[in-house]
Amino acid sequence: MVSRSIAASVVAATLLLYASTAGAAPRPSVVVIVADDLGYGDVGAYGAKTIPTPNIDRLAREGIRFTAGYATASVCSPSRAGFHTGRYQARFGQDFNPALRETPEVSLPTDEVTLAQRARTQGYVTGLIGKWHLGTQAGYHPMDRGYDEYFGFASSAVYLPTLAVGDGRHLVPGERERAQRKQGFMRGRQPLEESGFLTDIVTREAVDFIDRHSADPFFLVVTHHAPHVPIEAPAAVMQRVAAIRDPALRTYAAMIASLDDSVGAILRALESSGRGRDTLVVLFSDNGCPEYLRGTCSNGDVSGFKRDLREGGLRIPMLWRWPDTLPAGRTVRTPMTTLDAMVSALSVTGADLAAAPRLDGRDLLPALRAGKEPPSTPLFWRSGDNQVVRDGRWKLWKAKTPEDGRVDLLFDLETDPGELRNVAAAQPAVVARLTTLLEGFEGGNVPPRWAPRRDVVEIAGQRVELAF
C-alpha cells in the first residue's frame with residue numbers, strides 16, 4: 001500500500017510538472033553577430049551612403065542603435081579576449097595581438113571563464129561559428145572553453161579558395177599574394193577545407209545551428225571575418241555593386257553586402273523557426289577599420305584607425321534587437337562597450353552575474369526595458385604603456401612617446417569628437433581626477449604577457465608610440 005502511495009505521488013507530481021511547463025513559452029535565446037574591422041561609418045545606420053546595408057539597418061529600425069559603443073581593444077585578439085569573457089583583457093595581460101601563432105603563451109588563459117561556459121551551466125546550447133583567435137590547441141580550443149559546437153577558423157583566412165573571372169580582389173599596400181589559399185576551417189576538432197565563399201559558409205553554418213536548435217534555448221556567437229583583409233568577393237556579389245567605379249571600394253562594398261546578407265539570413269532563420277521575437281540579436285565590430293585600406297573603409301567623422309586608441313580605432317557600430325522586450329527605433333547615447341553587450345546577453349540566460357571571476361561588463365537590459373538611458377560609468381583601455389579612460393564627455397590618454405617619455409592627452413569629445421585639441425594643460429583638475437580613475441583600474445590588472453608590435457603616429461601635434 002505504501003509503495004502504491006509513493007508511485008501515485010510520483011505520477012501526480014510528474015503530471016503537475018508537465019501541466020505547469022507544457023504551455024510555458026520557450027526560454028529566450030541569444031545571437032551575437034561580430035564583424036571584423038567594420039568601421040563606424042561603413043553601414044547605413046551610422047551614415048554610410050555608398051554601401052547599402054538594409055538588413056543591418058533593420059536591426060536599428062526594429063531595435064536599439066548605440067552611438068557610443070566601443071570595443072575594448074583596437075585589434076582583434078585582445079578585443080575577443082574581452083568580449084568572450086566579459087572582462088577587460090588587461091585583467092589577464094592579453095593587451096596585444098599574438099606575436100606567435102596558436103601557442104598556450106598567447107592564448108586565452110584557462111583560468112578565465114568564458115560567457116559560453118556560464119551560459120551552458122544554465123542549460124543553454126552554445127555555439128561558435130567563425131573566427132576564434134584565442135587558441136585552438138588542447139585546452140584552449142573553443143570546445144574546451146564552453147562551446148558545445150564549433151565551426152570556424154583560428155585567426156585569418158582567405159575568402160575564395162580559387163579566384164575566378166569576375167571575382168573581386170584588391171591587394172592593400174604591403175600585402176602579399178597568398179601562396180596557399182586556404183580557409184583553415186575546423187568542424188569541432190576536425191580540420192576541413194571548403195570550396196565556397198567564406199562569408200556564405202559562416203552564414204550557412206549559423207542558419208543550420210538555429211534550425212537544429214529552434215526548440216532549445218541557445219547562445220550562439222557568429223564571428224565573421226568580413227570585412228577584414230584580404231579584400232575579395234565573388235563575381236555574383238561584385239555585380240550587385242557594379243555602379244561603384246573604384247575597384248577597391250567596389251570589392252570592399254561587396255564584402256559589406258555579403259555581411260549584410262548574412263544578417264538577413266540569420267533573421268529569416270530565427271523567424272521561420274518561430275524564434276524571431278524572443279531572441280536577442282546583438283551586432284558589433286571587434287574594432288575600427290584600418291588605415292592601411294587607404295580610405296576604402298570609413299570610421300565616420302572621428303579620427304584614428306584600427307591599432308590606435310583614438311575614437312576611430314575603438315568606436316564601433318553596436319545594434320541590439322529583441323522585439324518582445326526592447327523598444328524599436330531607439331537611439332542610446334550612453335558610452336558602453338562590447339563587455340556590456342555580452343554581459344547583457346548573458347543575463348538573458350539567467351546566469352549569476354556576480355559569480356567569480358568578476359565581470360567588468362554591465363547588464364544594461366533593465367534600463368533599456370524601462371526606456372531609460374543606462375547609467376554612465378567610466379570606460380577603460382590599456383595597450384601596454386598606453387592607458388585611456390573615458391568618463392562622460394572627457395577622454396584622457398596617458399600616452400607613451402617614441403623617446404620613452406609620457407604625455408597626457410585630454411579631449412572633450414562633446415566639442416572635439418575628432419580629438420584634434422589637447423586641453424590637458426587647461427584642465428588640470430580633470431586630468432587629476434581621470435588619472436586617479438586609471439590608477440584604480442590598473443590596480444586590478446596584470447602586466448602584458450608578451451611584447452607588442454609598435455608604430456608611431458601624430459595626435460594633436462604630439463608624436464605617440466602605439467603598441468598593438
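Residue numbers count from 1 along this sequence. For clarity, every value in this text was computed on a predicted model and none was experimentally measured.
With a 4.5 Å cut-off on side-chain heavy atoms, Trp320 and Ser344 count as touching. A 4.5 Å side-chain heavy-atom check between Leu38 and Pro227 finds at least one atom pair inside the cut-off. Using a 4.5 Å heavy-atom threshold, the side chains of Trp322 and Val281 count as separate. Under the 4.5 Å side-chain criterion, counting only non-hydrogen atoms from C-beta, Ile201 is in contact with Phe151. Contact check for Leu160 versus Val158: no side-chain heavy atoms found under the 4.5 Å cut-off. Within the 4.5 Å cutoff, the side chain of Val464 has no heavy atoms near those of the Glu458 side chain. Looking at Met318 and Thr337, their side chains never come closer than 4.5 Å, going by heavy atoms from C-beta outward. Val113 has its side chain within reach of Arg118: a pair of non-hydrogen atoms, C-beta onward, lies under 4.5 Å apart.
Side-chain atoms of Ser383 come within 3.5 Å of backbone atoms of Ala467 as a donor-acceptor pair (strictly under, hydrogens ignored). Here the side chain of Glu311 pairs no donor or acceptor atom with the backbone of Gly304 at under 3.5 angstrom. Thr334 places a side-chain N or O within donor-acceptor distance of the main-chain N or O of Pro374, the cut-off being under 3.5 Å. Between the side chain of Glu403 and the main chain of Lys400, no donor-acceptor pair closer than 3.5 Å is present. The closest donor-acceptor contact from the side chain of Asp260 to the backbone of Ala257 lies at 3.5 Å or more, if one exists at all. Using modelled atom types, one side-chain atom of Arg250 and one backbone atom of Ile244 make a donor-acceptor pair closer than 3.5 Å. A donor-acceptor contact shorter than 3.5 Å links the side chain of Ser79 to the backbone of Asp286. Asp95 places no side-chain N or O within donor-acceptor distance of the main-chain N or O of Pro447, the cut-off being under 3.5 Å. Side chain of Asn299 to backbone of Gly288: no donor-acceptor contact under 3.5 angstrom is found. The closest donor-acceptor contact from the side chain of Glu175 to the backbone of Val172 lies under 3.5 Å.
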> Could you go step by step and tell me if Thr331 and Thr67 meet the side chain to side chain contact (heavy atoms under 4.5 Å, CB included) rule?
Replying inline: CA-CA 7 Å; Thr331 296; Thr67 59; 3.5 Å; yes
> Under the side chain to side chain contact (heavy atoms under 4.5 Å, CB included) criterion, do Asp261 and Asp200 qualify, and how do the steps go?
Replying inline: CA-CA 9 Å; Asp261 290 345; Asp200 289 346; 5.9 Å; no
> Given the rule in the side-chain hydrogen bond (donor to acceptor under 3.5 Å, both in side chains) test, do Arg145 and Gln117 qualify, once you have shown the distances and angles that lead to the verdict?
Replying inline: CA-CA 6 Å; Arg145 310 310 298 271; Gln117 288 172 291; 4.7 Å; no
>> Leu220 vs Val32, test: side chain to side chain contact (heavy atoms under 4.5 Å, CB included). Steps then yes/no.
In response: CA-CA 6 Å; Leu220 173 63; Val32 178; over 6 Å; no
>> I'd like to know whether Trp381 forms a side chain to side chain contact (heavy atoms under 4.5 Å, CB included) with Tyr88, so could you lay out the CA-CA distance, the side-chain angles of the two residues, the decisive distance to 0.1 Å, and finally the verdict.
In response: CA-CA 8 Å; Trp381 293 267; Tyr88 284 114; over 6 Å; no
>> Evaluate Arg449 against Glu105 for salt bridge (charged side-chain N to carboxylate O under 4.0 Å, His left out), listing each step before the verdict.
In response: CA-CA 8 Å; Arg449 290 186 287 120; Glu105 293 81 8; over 6 Å; no
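Ionic pairing of Glu465 and Arg454 is present here: one or more N-O contacts between side-chain nitrogen and carboxylate oxygen are shorter than 4.0 angstrom. A salt bridge does not link Glu291 with Lys306: none of the charged nitrogens is closer than 4.0 Å to a carboxylate oxygen. Using a cut-off of 4.0 Å between Lys/Arg side-chain N and Asp/Glu carboxylate O, Arg315 and Asp301 are scored as not salt-bridged. Lys398 and Asp385 are not joined by a salt bridge, as no carboxylate oxygen comes within less than 4.0 angstrom of a charged side-chain nitrogen. We find that Arg61 and Asp57 are not joined by a salt bridge, their nearest charged nitrogen and carboxylate oxygen being 4.0 Å or further apart. A salt bridge links Glu62 with Arg321; the closest basic N to acidic carboxylate O contact falls under 4.0 Å. A salt bridge links Asp360 with Arg91: the closest approach of a Lys/Arg side-chain nitrogen to an acidic carboxylate oxygen falls below 4.0 angstrom. Checked for salt-bridge contact, Glu414 and Lys395 miss the test: no charged N lies under 4.0 Å from a carboxylate O.
For the atom pair CZ of Phe219 and OG1 of Thr126, the computed distance is 8.5 Å after rounding to the nearest 0.5 Å. Going from atom CG of Leu280 over to atom CG of Leu365 covers 6.5 Å, rounded to the nearest 0.5 Å. Between atom CG of residue Leu267 and atom CG of residue Leu59 there is a gap of 5.5 Å, rounded to the nearest 0.5 Å. The CD1 atom of Ile64 sits 10.0 Å away from the CG atom of Leu319 when rounded to the nearest 0.5 Å. Atom-to-atom distance recorded for Asp412:CG and Asn422:CG is 12.0 Å, nearest 0.5 angstrom. Distance check, rounded to the nearest 0.5 Å: CG of Asp340 to CG of Asp363 gives 9.5 Å.
Residues Phe284 and Phe66 keep their aromatic ring centres 6.0 Å or farther apart.
Every residue two or more places apart in sequence or in another chain was checked for a disulfide bond (SG atoms under 2.5 Å apart) with Cys76, and none qualifies.
Nearest approach of Val229 to Tyr159, heavy atoms of both residues: C-CE1, 4.3 Å. Of all the heavy atoms in Ala71 and Ser285, the pair that sits closest is CB-O, 4.4 Å. Pairing each heavy atom of Trp132 with each of Tyr140, the nearest pair is NE1-O, 3.3 Å. Closest approach of Gln387 to Leu438, counting heavy atoms only: CB-CD2, 4.0 Å. Contact detail for Met342 and Phe83: the closest heavy-atom pair is CG-O, 3.3 Å. In this structure, Val446 and Arg382 approach most closely via the heavy-atom pair O-NH2, 2.7 Å.
With 3.5 Å as the limit, one finds a donor-acceptor pair spanning the side chains of Asp37 and Asn287. A donor-acceptor contact closer than 3.5 angstrom links the side chains of Arg390 and Tyr70. Side chain to side chain, Thr203 and Ser262 meet the donor-acceptor criterion of an N or O pair below 3.5 Å. Tyr147 and His84 share a side-chain donor-acceptor pair at under 3.5 Å. Inspection of the Glu112 and Thr85 side chains reveals no N or O donor paired with an N or O acceptor under 3.5 Å. Checking His224 against Thr199 by side-chain atom types alone, no donor-acceptor pair falls below 3.5 Å. Side chain to side chain, Thr401 and Gln462 fail the donor-acceptor criterion of an N or O pair below 3.5 Å.
The neighbour count for Arg333 CZ, taken as heavy atoms of other residues, nucleotides or ligands under 6.0 Å away, does not exceed 12. Within a 6.0 Å radius of CZ in Arg406, other residues, nucleotides and ligands contribute more than 12 heavy atoms.
For the pair Arg65 and Tyr46, the cation-pi test (distance below 6.0 Å, angle within 45°) is passed.
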